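Report on the following structure.
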Amino acid sequence: MCNRRIPFSLQLAAIALVISATTVAALSPAASQKNAQTSTVLASDKGKLTVQLDGQTVGHEDFEISPSGAGWTAKGTTELKAPQSPTAKISGTLTLQSDGAPISYDWTAQTEKTNGAHVIFANGVAKITLQMQGARPYEQDLSFGAPLIAVLDNNLYHQYAVLARLYDWSKRGEQTFPVLIPQDLTPGTIKVESTGSATAAGKSYEGLRVSTSDLEVLLYLDSSHRLMRLEVPSAKVSVFRD
């Protein structure tokens with residue numbers, strides 16, 4: 001990622017996805033939702049993830065991915081308590097087109113202070129309004145050159161479940177995606193590649209490797225490509241479905 005590491009800030013500080021407007025207007029809410037469900041790369045999912053650092057449980061994430069009008073919503077909330085760090089609560093809500101391209105994203109992070117941001121995606125540009133507690137709003141535009149951008153924010157691991165749906169399983173092989181890490185205002189690229197059958201914690205999965213120039217994230221999926229487990233070996237981080 002342009003020699004930038006995706007930070008998995010679990011020290012909190014060690015780890016840190018349209019239907020056109022005309023079509024939407026012509027569809028009833030029920031018809032829009034049906035269309036989103038039948039012509040999408042996404043799939044409904046809901047669950048709870050446990051986050052471990054070096055074998056010790058340090059947090060949990062509740063998440064849901066579901067149809068919403070003509071598109072989809074992926075939202076999650078993670079609560080973390082890493083050793084010698086204050087408790088942190090991170091929430092994110094991502095709205096997406098049915099093809100997985102992001103429409104908007106909102107996040108908040110609460111520790112001693114509460115920070116957050118609102119992001120609008122249009123024509124390959126992310127328009128970010130950052131609100132830090134005690135500071136004036138800060139605005140920044142980031143250009144990606146393509147509308148299909150992976151959003152992978154710090155400590156919101158369900159977003160990797162969305163990424164697993166963006167991957168073209170019919171083609172397989174190595175695929176490259178532009179990526180945004182909203183909490184860090186960091187753009188870049190990631191490479192995603194199927195690793196075939198994989199085993200973790202004594203169970204068999206479909207493997208997917210997500211990598212940058214200096215970091216590797218391993219995703220473990222069931223037969224329907226639902227995220228079951230995630231590991232970051234270099235950071236000794238494991239995330240698994242309860």
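These figures come from a predicted structure and were not determined experimentally. Along the sequence shown, residues are numbered consecutively beginning with 1. Computation of the quantities below employed the complete heavy-atom set of this structure, encompassing side-chain atoms and omitting hydrogens, waters and symmetry-equivalent molecules.
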Checklist line | Under 3.5 Å donor-acceptor, Thr111 side chain and Ala88 backbone | finding: no
Notebook entry, point to check: Does atom CG of Asp242 have more than 12 heavy-atom neighbours from other groups under 6.0 Å away?
Noted result: yes
Check: Is any side-chain heavy atom of Thr73 less than 4.5 Å from a side-chain heavy atom of Ile65?
Finding: no
Notebook entry, point to check: Roughly how far, to the nearest 0.5 Å, is OG of Ser44 from CH2 of Trp72?
Noted result: 4.0 Å
Check: Are Gln175 and Asp168 close enough, and set up right, to give a side-chain contact (heavy atoms from CB on, under 4.5 Å), and what steps lead you there?
Finding: CA-CA 8 Å; Gln175 299 173 26; Asp168 190 336; 3.5 Å; yes
Next item on the list: Give, for atom CG of Asp45 and atom NE2 of His158, the distance between the pair rounded to the nearest 0.5 Å.
Entry: 10.0 Å
Note to self: If we ignore hydrogens and angles and just use 3.5 Å, is the side chain of Asp222 paired with the main-chain N or O of Ser224 as donor and acceptor?
What the structure shows: yes
Check: Is Lys81 salt-bridged to Glu79, going by a charged N under 4.0 Å from an acidic O?
Finding: no
Check: Which distance, rounded to the nearest 0.5 Å, do you find between the CG of Leu180 and the CG of Asp153?
Finding: 7.5 Å
Item checked: Single-linkage hydrophobic cluster, 4.5 Å side-chain cutoff, Leu215 and Leu230 together -> yes
Note to self: Using 0.5 Å steps for rounding, measure from the CZ atom of Phe63 to the CZ atom of Arg241.
What the structure shows: 4.0 Å
Item checked: Atom CD of Gln56 with >12 non-hydrogen neighbours under 6.0 angstrom -> no
Notebook entry, point to check: Do Thr129 and Gln131 have side chains that get closer than 4.5 Å, going by heavy atoms?
Noted result: no
Check: Does any N or O in the side chain of Tyr167 come within less than 3.5 Å of the main-chain N or O of Ser194, such that one atom is a donor and the other an acceptor?
Finding: yes
Next item on the list: Find out whether Thr195 and Tyr220 are in side-chain contact, i.e. whether some heavy atom of one side chain is under 4.5 Å from a heavy atom of the other.
Entry: no
Checklist line | Within-4.5 Å side-chain heavy-atom neighbours: Lys89 and Thr77 | finding: yes
Note to self: Using the rule given for side-chain contact (heavy atoms from CB on, under 4.5 Å), can you reason through Gln97 versus Ile103, listing the C-alpha separation, both sets of side-chain angles and the distance that settles it, and then say yes or no?
What the structure shows: CA-CA 7 Å; Gln97 299 180 32; Ile103 300 171; 3.7 Å; yes
Checklist line | Closest non-hydrogen atom pair between Pro102 and Phe121, with its separation | finding: O-CB, 3.3 Å
Next item on the list: Begin with the C-alpha distance, continue with both residues' side-chain angles, and end with the deciding distance and a verdict on side-chain contact (heavy atoms from CB on, under 4.5 Å) for Tyr205 and Met228.
Entry: CA-CA 8 Å; Tyr205 301 100; Met228 304 302 290; 3.7 Å; yes
For residues 135-152, dump all side-chain donor-acceptor pairs below 3.5 Å to protein atoms at least two apart in sequence or in another chain.
{"unit_1": "Tyr138", "atom_1": "OH", "unit_2": "Gln140", "atom_2": "OE1", "d": "3.3"}
{"unit_1": "Asp141", "atom_1": "OD2", "unit_2": "Lys127", "atom_2": "NZ", "d": "3.1"}

Next item on the list: Find out if a path of hydrophobic residues (ILVMFWY) with successive side-chain heavy-atom gaps under 4.5 Å connects Ile181 to Val125.
Entry: no
Note to self: For Thr40 and Ser98: C-alpha separation, side-chain torsions, deciding distance, then whether side-chain hydrogen bond (donor to acceptor under 3.5 Å, both in side chains) applies.
What the structure shows: CA-CA 5 Å; Thr40 182; Ser98 58; 5.2 Å; no
Margin query: Just verifying a value: how many Å separate Glu61 CD and Thr50 OG1, rounded to the nearest 0.5 Å?
Written below: 10.5 Å
Margin query: If hydrophobic clusters are built by linking Ile, Leu, Val, Met, Phe, Trp and Tyr wherever their side-chain heavy atoms come under 4.5 Å apart, do Phe240 and Tyr160 end up in the same one?
Written below: no
Item checked: Co-membership, hydrophobic cluster, residues Leu218 and Trp169, 4.5 Å side-chain -> no
Next item on the list: Apply salt bridge (Lys or Arg N to Asp or Glu O under 4.0 Å) to Lys203 and list each qualifying residue two or more places apart in sequence or on a separate chain.
Entry: none
Next item on the list: With the side chain counted from C-beta on, respond yes when Tyr157 and Leu227 share a heavy-atom pair under 4.5 Å apart, and no when they do not.
Entry: no
Checklist line | Distance-only side-chain donor-acceptor flag, Ser104 / Thr95, under 3.5 Å | finding: yes
Next item on the list: Would you mind reporting whether Val192 and Leu208 have side-chain heavy atoms less than 4.5 Å apart?
Entry: yes
Notebook entry, point to check: So do Asn154 and Ile90 actually touch side chain to side chain, heavy atoms under 4.5 Å?
Noted result: no
Notebook entry, point to check: Passes side-chain hydrogen bond (donor to acceptor under 3.5 Å, both in side chains), Thr93 versus Asp106? Steps please.
Noted result: CA-CA 5 Å; Thr93 300; Asp106 292 275; over 6 Å; no
Next item on the list: Could you tell me whether Arg229 and Glu206 make a salt bridge, using a distance below 4.0 angstrom between a side-chain N and a carboxylate O?
Entry: no
Checklist line | From CG (Leu219) to CD (Glu231), nearest 0.5 Å | finding: 10.0 Å
Next item on the list: Measure from the side-chain N and O atoms of Gln52 to the backbone N and O of Val237, and report whether any donor-acceptor pair falls under 3.5 Å.
Entry: no
Margin query: Under the criterion side-chain contact (heavy atoms from CB on, under 4.5 Å), I'd like the reasoning laid out for Thr186 against Gln183: C-alpha separation, chi angles, the key distance, then a yes or no.
Written below: CA-CA 8 Å; Thr186 304; Gln183 292 180 51; over 6 Å; no
Check: Linking I/L/V/M/F/W/Y whenever their side-chain heavy atoms sit closer than 4.5 Å, directly or via other members, would Ile128 and Leu156 fall into one cluster?
Finding: yes
